[in-house]
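Per chain, numbering begins at 1; letters A, B, ... match sequence-line order. Values below: all heavy atoms of this structure, side chains included; hydrogens, waters and symmetry mates excluded.
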Amino acid sequence: MKFSNTLIYWYLQNNRTLPWRKTKNPYFIWLSEIMLQQTRVAQGLSYYLKFTSTFPTVFDLAKADESTVLKMWQGLGYYSRARNLHFSSKQIVNEFKGEFPSTYKEIIKLKGIGDYTASAIASICFNEPTAVVDGNVYRVLSRYFGIKTPINSSQGIKEFKALAQSLIDNTQPGTFNQAIMDFGALHCKPQNPLCETCPLSDSCVALEKKLIKELPVKEKKIKVRKRYFNFLVVKTDDDKTILSERKGKGIWQGLYQFPLIETDRNINKDELISSEEFINSFPNKTSISLFNEKEIIHKLSHQHLHTHFWIVEIKSFAEATVNWNTINTFPVPVLIANFLEKLNFKSN
DNA sequence: TAGACGTGGCT
DNA sequence: TAGCCAAGTCT
């Protein structure tokens, strides 16, 4: 009781003014919650504004092409969020007449919505007392109560959810949920938390036992795989190139890229043009030059992509169907977008 | 269920 | 710098 009252009091004085805090429209709250998954407010804010002005209702979003949605999502990462968002918008329009489901139990059935997001929407929009547990909540609770259970273990997930649920203010669950998250983001920060001015400092276990830096506990570290990418950037005399959509599982599903030859190490020009993949894909009369002498290492959470862009000039090539002046309409990974910007800069 | 899934900021 | 972290979800 004291815990939640203190947090709510802190929140009323310190909360950030954010556009999605001015509404309880579940469509807008949904958009903001999906965008902010594993994403900082500073990074997601401009995307939220762009989406809500381009797609003011769920009907507008449902009407759009997936490729348009992905283009607008470009640069935010975790692109399955955009695909699931679009998929669910169509379901809401077609099956629910555009009306957003109003209970945790129904909300969590939507693609792309898990325990956290269902709890957030149900509590903020429909006043249902379901506790959110995001990275902030894990940190605040593990420190305040001195809990050492790893937050990414199945035991920890259960334990922290139950604890948060026991602490929620049933009369204003949405405010409580946002309060504990904002408190974690602004005050009980991962590094250098503001313990000196903390309204909970007199009863914080981690502060008393000097465990602030040890909590929360997280087990297992991720392995990073190295990959070697050679993108073949075709340029024909009539200003065309080749782009193809990434399909199936793996990174960047639904985004576009130049023809790609992946190798198990960096390779030179001779190795490239004598490779089977290259011979099978391109005609003889080509002029090839390496765009970036130094490899570009694009870092994803689980992969480091050692990348070379090769400029492949061909007089004419039937496979090249994309006009250069339309290239910026395709959704592409940041790695490709950065290349296009450099290319444009060089030629201007 | 552990691993995959993006990008960018901070130390 | 290399690693951690950020309003998680899916398979």
How many Å lie between [atom1] on [X] and [atom2] on [N], as a whole number?
X      : N     : atom1 : atom2 : value
A:N152 : C:dA6 : CG    : C1'   : 15 Å
A:N177 : C:dA7 : CG    : C1'   : 11 Å
A:K218 : C:dC5 : NZ    : C1'   : 7 Å
A:K223 : C:dC4 : NZ    : C1'   : 19 Å
A:E219 : B:dG3 : CD    : C1'   : 13 Å
A:Y116 : C:dT9 : OH    : C1'   : 13 Å
A:E214 : C:dC4 : CD    : C1'   : 15 Å

- Note on the structure: With B for base contact, S for sugar-phosphate-only contact and - for none (protein heavy atoms under 4.0 Å), nucleotides 6-11 of chain B reads BBB---

- Query: In terms of the angle between their ring planes, are A:F330 and A:Y256 parallel, tilted or perpendicular, with boundaries placed at 30° and 60°?
  - Reply: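 A:F330 and A:Y256: perpendicular rings.
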
- Stretch residues 20-28 of chain A: residues that reach within less than 4.0 Å of DNA chain C through a heavy atom: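 Those residues whose heavy atoms fall under 4.0 Å from DNA chain C, taken from residues 20-28 of chain A in numerical order, are A:W20, A:R21.
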
Can you confirm whether or not the ring centre of [X] sits under 6.0 Å from the ring centre of [Y]?
X      : Y      : value
A:F231 : A:F339 : no
A:F145 : A:F3   : yes
A:W73  : A:F51  : yes

- Message: To the closest 0.5 Å, what do you measure between CD1 (A:I124) and CG (A:N25)?
- Response: 12.5 Å

- Treating a pair as Watson-Crick (purine N1 to pyrimidine N3 plus N6-O4 or O6-N4) or G-U wobble (N1-O2 and O6-N3) with both distances under 3.5 Å, list the stems of 3 or more consecutive pairs that involve DNA chain C.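 Counting only runs of 3 or more consecutive pairs, the stems involving DNA chain C are B:2-5 with C:8-11, B:7-11 with C:2-6.
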
- Across the strands shown, which category fits A:R16 at heavy-atom distances under 4.0 angstrom: base, sugar-phosphate, nothing?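 Answer is base: heavy atoms of A:R16 come under 4.0 Å of a base.
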
- Message: Quiz question: by atom type and distance under 3.5 Å, do the side chains of A:Q178 and A:N15 form a donor-acceptor pair?
- Response: no

